[in-house]
Amino acid sequence: MACRGCCCCGFGHINEDNGRFLLLAILIILYLLCGAAVFSAIEQPKEKEAKERWQQKFDTFSQKYNLNISDLRNFLRDYEEANVAGIRVDSIRPRWDFTGAFYFVGTVVSTIGFGMTTPATIAGKIFLIFYGLIGCAATILFFNLFLERLITVIAFIMKSFHERQIKRKGGLPPERRRGSGNSEVDSLAGWKPSVYYVMLILCVASIIISCCASAMYSPIEGWGYFDSLYFCFVAFSTIGFGDMVSSQKAKYENQGLYRFGNFIFILMGVCCIYSLFNVISIVIKQCVNWILRRLECRCCQRCQRKLFRPKRNVVMPGNVRTRRNISIETDGVYESETDGRRMSGEMISMKDFLAANKVSLAIMQKQLSETANGCPRQIGTSSRHNGFSGGVGALAIMNNRLAETSVDR
């Protein structure tokens with residue numbers, strides 16, 4: 001039971017979307033603090049050890065060759081500037097020939113940004129701002145369209161397996177399928193692919209791509225297999241630290257084939273990890289909603305105890321029960337079928353996740369789209385019935401795709 005408009009608890013003046021936003025912000029801050037504590041405990045001793053070892057080498061080198069310490073530090077600063085420009089002690093591939101520039105723009109538009117190549121001129125930096133603005137937006141659109149088609153394929157395959165299971169269990173006899181097409185529609189109309197299965201499929205696909213790519217990087221780049229897996233996650237997730245970057249040596253054996261394979265693996269990996277992140281975000285949103293419901297239930301219990309506490313010479317208002325019934329009725333209309341699913345204990349489906357994603361931003365997005373098209377669309381009864389309307393960005397794409405795949409082929 002949601003605590004709506006209750007003045008006795010702190011959540012009464014905060015609507016569901018703002019409450020979800022605030023709770024998620026708090027959880028992210030706690031997540032960052034925990035991550036900082038863990039990485040500090042793991043990496044700080046190694047950092048201190050590296051600083052001590054470097055200081056020892058620096059003192060030994062300056063004493064051995066009788067060099068002035070300030071001059072040596074200035075020389076090392078000059079090398080750091082050269083290192084930013086792409087100069088290395090060992091020979092590497094040219095940074096700004098056509099193939100090197102193509103690799104650079106690929107890291108820009110994909111938002112990986114390894115950092116091993118950066119523009120040094122004012123003109124290059126200005127051009128990068130406008131080039132990245134358009135390129136990053138177009139690439140995000142490509143990822144969203146890829147996600148749309150990927151979800152369509154996954155839902156199609158899962159629905160085919162679901163139909164076979166129905167046939168095997170005898171729930172949908174073959175003669176009934178031939179006799180009436182409506183029976184199949186009725187038996188499969190309420191089915192939606194579980195978000196857990198979709199997440200599992202995307203996770204397996206990402207692991208397979210990462211393992212295959214690591215098997216290629218490890219012998220060619222001379223990295224350990226685990227280091228190659230680390231590079232794959234950093235690159236595919238577009239974190240792009242730049243501590244390990246593929247295809248940077250001057251020459252490789254079968255160089256053309258390796259660079260093509262590197263391009264394909266990075267493209268496939270980024271698309272799969274992007275899709276996986278979007279599905280995981282749905283699970284996180286459901287967890288946040290669950291926490292909010294628990295908090296609201298506790299607040300409502302306290303409010304009800306205060307509200308229904310018997311007092312001397314006080315008559316209980318008769319509209320309390322009526323208001324409660326209206327609230328439940330409203331919840332049933334606007335909160336889709338999640339309450340029924342929770343009571344029945346069914347596995348959370350993609351429909352249940354996405355049906356709650358009807359926020360004001362989605363309404364604004366729809367209005368802007370209709371205004372741009374010049375003809376507002378009429379809301380069909382089928383889209384309203386299946387609960388897949390609404391959503392923003394990648395979530396909206398999954399809403400529409402899953403709504404389409406829920407209808408009989």
*Do C203 and I207 come within less than 4.5 Å of each other through their side chains, counting heavy atoms only?*
yes

*Determine whether F114 and Y103 make a side-chain contact, defined as any pair of heavy atoms from C-beta on separated by less than 4.5 Å.*
yes

*ring pair (Phe, Tyr, Trp, His ring centres under 6.0 Å) between Y79 and F75: does it pass, once the steps are laid out?*
CA-CA 6 Å; Y79 174 73; F75 175 77; 7.6 Å; no

*asked:* Looking at K51 and E47, is any side-chain nitrogen of the basic one under 4.0 Å from a carboxylate oxygen of the acidic one?
replied: yes

*Residues E81 and R77 bridged, charged N to O under 4.0 Å*: no

For the atom pair [atom1] ([X]) and [atom2] ([Y]), what is the distance rounded to the nearest 0.5 Å?
| X | Y | atom1 | atom2 | result |
| --- | --- | --- | --- | --- |
| L276 | S206 | CG | OG | 5.0 Å |
| R20 | L292 | CZ | CG | 7.0 Å |
| I284 | L27 | CD1 | CG | 9.5 Å |
| S62 | D71 | OG | CG | 11.5 Å |
| I154 | L147 | CD1 | CG | 8.5 Å |
| I220 | S246 | CD1 | OG | 10.0 Å |

*Flag the pair Y65 / F61 as yes when their ring centroid distance falls below 6.0 Å, and as no otherwise.*
yes

*With side chain to side chain contact (heavy atoms under 4.5 Å, CB included) as the test, would you mind laying out the steps for V198 and M158 before giving the verdict?*
CA-CA 9 Å; V198 176; M158 292 178 63; 4.2 Å; yes

*Restricting to pairs with a member in residues 25-54, which pass ring pair (Phe, Tyr, Trp, His ring centres under 6.0 Å), not counting sequence neighbours?*
none

*Kindly indicate, with the supporting measurements, whether the criterion side chain to side chain donor-acceptor pair (under 3.5 Å) is fulfilled by E221 and Y252.*
CA-CA 9 Å; E221 296 289 348; Y252 291 95; 2.9 Å; yes

Distance-only donor-acceptor hits, side chain of residues 132-140, under 3.5 Å, sequence neighbours excluded:
| unit_1 | atom_1 | unit_2 | atom_2 | d |
| --- | --- | --- | --- | --- |
| T139 | OG1 | V109 | O | 3.1 |
| T139 | OG1 | G135 | O | 2.8 |

*Between the side chains of Q63 and D59, does any donor sit under 3.5 Å from an acceptor?*
no

*Taking the six-membered ring for Trp, are F143 and Y274 parallel (under 30°), tilted (30 to 60°) or perpendicular (over 60°)?*
tilted

*Y217 vs W223 aromatic rings, parallel, tilted or perpendicular, using cut-offs 30° and 60°?*
tilted

*Distance under 6.0 Å and angle within 45° of the ring axis: does R259 meet both against F102?*
no

